[in-house]
Amino acid sequence: MIFEGFSQGDSLLHKSDTRVKLVGAMALTLVISLCQSFFTGLAGLVVGLILLFLSRLDLNQVLIRMLVVNSFIGLLWLTLPLTYPGDMISFGSIVLSKQGIELVALITIKTNGIILFFITLLATSTVADLGHGLERLRLPTKLCLLLLFSYRYIFVVNQEYQRLVRAAKLRCFCPRTNLHTYRTYGHLFGMTLVKSWNRTERVGQAMLLRGFHGRFYTLNEQVMGKGDLIFLIIILIIVIGLVGLEFLFT
Amino acid sequence: MTQLPLIKLQDVSYTYSGATKPILDKINFTLHEKQHLGLIGSNGCGKTTFFHIIMGLLKPDSGMLFFKGNEMRNAQHFKKLRQEIGLLFQDADDQLFSPTVLEDVAFGLLNLGVGPVKARQIAIQTLGDLGLAELEKRITHQLSGGEKKLVSLATILAMQPKVLLLDEPTNNLDSTTRARLIKILTELDIAYVIISHDRDFLAETSQKVLTMTQGRVTE
Ligand SMILES: Nc1ncnc2c1ncn2[C@@H]1O[C@H](COP(=O)(O)OP(=O)(O)O)[C@@H](O)[C@H]1O
Ligand SMILES: [Mg+2]
């Protein structure tokens with residue numbers, strides 16, 4: 001598992017203040033996810049593409065991610081046009097719903113726009129920076145620590161679970177639909193939980209020994225520069241523009 | 001010797017709740033300035049517990065603990081003690097919790113109130129001293145076992161402690177990393193205590209090896 005593939009770079013977006021990017025991503029996503037009109041959706045997609053251009057990320061990598069998400073949307077293309085009620089258009093023996101097609105098209109445009117916002121605005125920061133950014137946006141410290149630690153230890157917990165599964169397999173455990181299987185999985189999950197709990201205790205101690213007192217400091221102190229402020233204002237103007245577009249066309 | 005010992009334990013006992021026998025039974029122990037000690041003992045005999053008592057993670061049932069001649073009684077005392085004694089945990093994954101190596105090495109410094117610029121500088125310096133400079137930007141959970149161990153040592157050394165307590169540092173280390181660790185330790189001019197089952201390792205790094213049996217430490 002390798003995360004944070006997009007977080008390294010020196011583009012405008014990589015260098016901007018995480019708080020600006022968080023606020024921008026939240027505002028843009030909110031507008032696009034709620035909009036009903038094609039034009040707003042398309043405009044959002046264009047904004048996403050401009051951001052992608054600015055972020056100078058590896059386009060192949062981005063395309064792979066987009067494909068993964070769009071494969072889910074592909075399922076919608078298979079089902080919604082056939083099942084959604086509305087005006088029927090028939091192609092030989094296949095009858096499609098006009099509204100159904102419109103709906104899936106809108107969903108596709110909106111989803112891709114939002115993914116682009118996330119990739120360009122959020123994935124260009126490390127999870128650590130996002131955690132710090134959220135904290136400095138006055139989100140409760142506990143929630144931010146939760147984010148940082150979940151990210152750090154999800155791998156360790158996963159490894160611990162895999163180790164237990166391997167141990168079970170080596171003793172010829174083979175999952176079937178029977179009580180023995182359910183009980184074994186119960187034990188595996190239970191044991192993972194207990195081990196994780198013990199680990200949190202030890203990690204807590206390790207932090208205490210190094211002087212932790214409830215607050216994380218960051219090495220990358222970010223100061224909101226003039227450029228960040230301008231960036232924020234531009235994004236907010238775009239958001240307002242999108243809202244205007246939405247009201248114009250519905 | 002007229003100099004006060006760095007660490008002194010006097011008749012310290014400890015029993016885990018639910019256990020019938022004390023795991024540490026009136027233990028006496030002293031560590032002097034620049035002394036390099038080894039500690040050996042069977043599995044589960046209480047070595048890790050002993051370290052946790054010194055660090056104030058566990059509170060003894062009876063007995064006294066002195067650091068530089070002052071008795072350690074409350075959280076405030078231990079806070080000072082922890083700035084000067086570094087404990088290397090048995091499992092490096094417990095020790096490395098920051099996303100990147102550099103952030104983890106700087107963590108303790110930032111907590112002590114060192115500014116980010118200075119903390120970064122000391123962290124880079126410490127990694128460089130241990131020959132780990134190229135790991136600086138790496139993600140902690142993607143390091144190999146040996147690298148994790150050496151980086152956790154760096155996280156502690158960065159805080160410039162007076163004493164190091166190392167809990168089974170050679171577990172799962174290949175011979176190259178083990179040799180590297182020996183070199184690092186012998187070049188340190190601070191006091192340390194090493195728990196290990198590896199007698200050869202202790203012979204190379206310690207001036208004296210103590211044994212722990214039945215809740216006591218003996219020579
Ligand atoms: N939190 C705990 N509660 C109860 N017993 C414990 C706890 N931690 C350790 N022990 C017991 O105390 C004994 C000593 O543990 P430890 O100090 O880790 O031994 P060592 O490090 O020498 O192998 C072990 O038998 C262990 O089962
Ligand atoms: Mg132990």
Side-chain angles (χ1 to χ4, degrees), chain A residues 1-10 18 125-133 135-136 144-160 162-163 195-223, chain B residues 48 51-52 54-58 75 78-83 85-124 136-137 139-142 148 152 155-156 158-159 161 165 167:
Chain A
M1 284 200 278
I2 298 179
F3 282 167
E4 304 197 322
F6 292 148
S7 67
Q8 302 303 322
D10 57 357
T18 324
S125 294
T126 60
V127 174
D129 282 341
L130 288 178
H132 293 306
E135 192 177 359
R136 295 175 71 203
C144 303
L145 291 184
L146 214 58
L147 172 78
L148 290 173
F149 280 95
S150 313
Y151 175 69
R152 168 62 182 87
Y153 282 98
I154 197 148
F155 302 95
V156 179
V157 172
N158 180 48
Q159 259 170 26
E160 243 153 36
Q162 296 301 339
R163 224 175 292 161
K195 285 186 156 194
S196 314
W197 173 265
N198 286 339
R199 189 178 288 281
T200 56
E201 297 231 302
R202 294 196 303 269
V203 173
Q205 290 177 338
M207 296 178 69
L208 189 68
L209 293 188
R210 279 158 72 200
F212 183 70
H213 44 76
R215 190 181 165 341
F216 253 113
Y217 301 87
T218 168
L219 269 181
N220 317 323
E221 270 312 337
Q222 288 177 325
V223 259
Chain B
T48 301
F51 273 6
H52 286 193
I54 295 180
M55 299 306 289
L57 292 173
L58 299 170
F78 279 110
K79 206 168 161 187
K80 292 242 4 154
L81 172 144
R82 286 170 191 161
Q83 292 177 15
I85 306 185
L87 169 63
L88 186 75
F89 276 56
Q90 204 162 336
D91 184 349
D93 261 315
D94 296 338
Q95 200 123 29
L96 303 175
F97 39 79
S98 307
T100 69
V101 169
L102 189 65
E103 280 173 301
D104 212 298
V105 178
F107 173 81
L109 295 164
L110 294 170
N111 287 332
L112 293 182
V114 180
V117 178
K118 184 90 179 127
R120 175 185 288 270
Q121 188 194 329
I122 299 178
I124 290 175
E136 176 192 318
K137 285 226 157 52
I139 311 287
T140 44
H141 63 78
Q142 292 169 358
K148 275 185 191 164
S152 13
T155 68
I156 290 162
M159 294 172 78
L165 305 178
D167 197 346

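Numbered from 1 within each chain, the chains take letters A, B, ... in sequence-line order.
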Undergrad: Any sub-3.5 Å donor-acceptor pair from R210(A)'s side-chain atoms to M159(B)'s backbone N or O?
TA: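 Not confirmed, R210(A) side chain does not pair with M159(B) backbone.
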
Undergrad: Quick one: of M207(A), Q159(A), E201(A), who has the most non-hydrogen atom pairs under 4.5 Å with chain B?
TA: M207(A)

Undergrad: What part of T100(B) gets within 4.5 angstrom of chain A, counting heavy atoms only: side chain, backbone, both, or neither?
TA: neither

Undergrad: Using non-hydrogen atoms only, which part of L81(B) is less than 4.5 Å away from chain A: side chain, backbone, both, or neither?
TA: neither

Undergrad: Is chain B contacted by the side chain of L208(A), its backbone, both, or neither, given a heavy-atom distance below 4.5 Å?
TA: both

Undergrad: Looking at CD of E103(B) and CG of L148(A), how far apart are the two atoms once the value is rounded to the nearest 0.5 Å?
TA: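 The CD atom of E103(B) sits 9.0 Å away from the CG atom of L148(A).
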
Undergrad: Under 4.5 Å heavy-atom distance to chain A, tell me which part of I85(B) shows up: side chain, backbone, both or neither.
TA: neither

Undergrad: Knowing that exactly one of L87(B), D94(B), L57(B) qualifies, which makes a side-chain contact (heavy atoms from CB on, under 4.5 Å) with Q205(A)?
TA: L57(B)

Undergrad: Can any side-chain N or O of R202(A) pair as donor or acceptor with the backbone N or O of Q90(B) at less than 3.5 Å?
TA: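 The answer is no, because no donor-acceptor pair under 3.5 Å joins these two groups.
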
Undergrad: Rounded to the nearest 0.5 Å, how far apart are CG of L165(B) and CG of L209(A)?
TA: 9.5 Å

Undergrad: Given the options D91(B), L112(B), D93(B), V117(B), which has more heavy-atom pairs under 4.5 Å with chain A than any of the others?
TA: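 Of the options given, most contacts go to D93(B).
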
